[in-house]
Amino acid sequence: MKRRSVVVLPSILLALAACDRLGGGPEGPRPGFNGIDITGAEYARKLALPDMAGQVRTIEDFKGKVIVVFFGYTQCPDVCPTTMAELAEVKRSLGADGERVQGVFITVDPERDTPELLRAYLTSFDPTFVALRGTIEQTQAAAREFKVFFAKAPSATGGNYTVDHTAGSYVFDTRGRVRIFERYGAGAKALADDLKLLLAEK
């Protein structure tokens, strides 16, 4: 029997969930996102991890695009493939605007997720998606910055293991600012509508 990945919502986002859908602020009313509006958050602002070619990538590298960042691993049985498939579906559904959407997959299992495996995995969803793979220490630092949880979950037989991890995506606007936490299970339409709002911003 396969172990299912655990859906973990960062605790700070639980407090935001009920109050920020139509949030205001110094810039006035904001669009009502389907995901959790985290505009102005003081976390998930920095990222510096190597890609498959060993080049360190940052959020600034993708400015001009709406960026969707997800922490996962290639042997994840359900949450990760579902999330990446939905993002690929949404990107295609946006037509020409889809070229302004960048998927970024950060592995929480660098021990098993080799560059070759990550490249093949993401290409199966969308060849434009970027995979980032740091050392375990670099991965832990990135997870702390994004308030993401992950931990190995050994099997009962002591053989293979799964990784429990936060099952949600962070969405950045075209200026490189974190704006939305998309909860797992909301569906492709909810994500597409949120991306359209960000793509339409001036």
Side-chain angles (χ1 to χ4, degrees), residues 1-11 13 35 43-44 46-59 61-62 67-92 101-172 180-188 190-191:
M1 180 177 178
K2 287 186 176 179
R3 179 187 176 97
R4 293 179 61 83
S5 295
V6 175
V7 178
V8 183
L9 186 66
S11 58
L13 298 178
Y43 56 93
K46 297 179 294 182
L47 179 64
L49 288 171
D51 63 14
M52 296 303 87
Q55 178 183 351
V56 174
R57 308 300 294 268
T58 68
I59 292 298
D61 292 335
F62 306 110
I67 312 159
V68 183
V69 175
F70 178 77
F71 287 73
Y73 67 113
T74 63
Q75 296 188 48
C76 174
D78 40 37
V79 172
C80 304
T82 298
T83 298
M84 301 315 293
E86 284 187 351
L87 179 55
E89 175 188 343
V90 167
K91 191 173 183 294
R92 287 191 296 269
V101 173
Q102 179 63 59
V104 176
F105 182 93
I106 300 173
T107 179
V108 295
D109 189 16
E111 180 181 339
R112 294 183 299 186
D113 284 347
T114 64
E116 295 74 22
L117 183 57
L118 283 164
R119 188 176 293 110
Y121 182 75
L122 286 189
T123 299
S124 71
F125 298 106
D126 187 295
T128 70
F129 289 171
V130 171
L132 303 183
R133 174 182 179 267
T135 63
I136 190 62
E137 292 79 14
Q138 290 172 322
T139 305
Q140 289 168 340
R144 286 194 297 270
E145 170 65 20
F146 278 73
K147 299 190 181 297
V148 163
F149 164 86
F150 72 94
K152 281 186 180 181
S155 69
T157 60
N160 209 359
Y161 63 87
T162 58
V163 183
D164 293 338
H165 62 94
T166 299
S169 303
Y170 285 91
V171 183
F172 292 74
I180 311 170
F181 181 80
E182 297 286 352
R183 291 161 287 198
Y184 173 70
L191 175 61

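The model shown is predicted, which means the values in this text are computed figures rather than measured ones. Heavy atoms only: backbone and side chains are in, while hydrogens, waters and symmetry mates are out.
- With sequence neighbours excluded, the residues forming a ring pair (Phe, Tyr, Trp, His ring centres under 6.0 Å) with Phe71 are Phe146, listed by chain and number.
- In this structure, CD1 in Ile180 is found 11.0 Å from OG in Ser169, a value given to the nearest 0.5 Å.
- When every heavy atom of Gly134 is checked against every heavy atom of Pro50, the shortest pair comes out as CA-CD, 3.9 Å.
- Closest non-hydrogen pair, Leu118 versus Asp113, comes out as CD1-O, 3.7 Å.
- In this structure, Arg133 and Pro115 have side chains that are in contact, with non-hydrogen atoms separated by less than 4.5 Å.
- Defined by atom type and a distance below 3.5 Å, a donor-acceptor pair is missing between the side-chain atoms of Asp109 and Thr107.
- Remark: Leu132 CG to Leu47 CG distance equals 6.0 Å, nearest 0.5 Å.
- The pair Glu111-Lys152 meets the salt-bridge criterion, with a side-chain N (NZ, NE, NH1 or NH2) lying under 4.0 Å from an Asp/Glu carboxylate O.
- Here CE of Met84 is found 13.5 Å from CD of Glu89. Values are rounded to the nearest 0.5 Å.
- Taking the side chain as every heavy atom from C-beta outward, Val56 and Leu49 never approach each other to under 4.5 Å.
- Annotation: cation-pi pair Arg112/Tyr161 present, NZ/CZ under 6.0 Å from the ring centroid and within 45° of its normal.
- Taking CD of Gln102 as the reference point, atom OG1 of Thr128 lies at 5.5 Å (rounded to 0.5 Å).
- Note: Phe181 and Tyr170 have perpendicular aromatic rings, judged against thresholds of 30 and 60 degrees for the angle between ring planes.
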Quiz item: Val68 and Phe172: side chain to side chain contact (heavy atoms under 4.5 Å, CB included), yes or no, with the steps?
Solution: CA-CA 6 Å; Val68 183; Phe172 292 74; over 6 Å; no

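- Taking each heavy atom of Ala188 and Val90 in turn, the nearest pair found is O-CG2, 3.3 Å.
- Counting heavy atoms from C-beta outward, Tyr43 and Arg144 have side chains that stay 4.5 Å or more apart.
- Taking every heavy atom of both residues into account, His165 and Cys80 meet most closely at NE2-SG, 3.4 Å.
- Scanning both residues, Val104 and Ile67, for their nearest heavy atoms gives CG2-CG2, 3.8 Å.
- Note that CD of Gln138 and CD1 of Ile106 are 11.5 Å apart. Values are rounded to the nearest 0.5 Å.
- Within the 4.5 Å cutoff, side-chain heavy atoms of Tyr184 are placed close to those of Thr83.
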Practice problem: Might you work through the side chain to side chain contact (heavy atoms under 4.5 Å, CB included) test for Glu182 and Val171, ending with a clear yes or no? | Solution: CA-CA 7 Å; Glu182 297 286 352; Val171 183; 3.6 Å; yes

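- For the residue pair Phe149 and Asp164, the shortest heavy atom distance occurs at CE2-O, 3.8 Å.
- Remark: Phe125 engages Tyr121 in a ring pair (Phe, Tyr, Trp, His ring centres under 6.0 Å) (not counting sequence neighbours).
- Separating the CZ atom in Phe129 from the CZ atom in Phe70 is a distance of 11.5 Å, to the nearest 0.5 Å.
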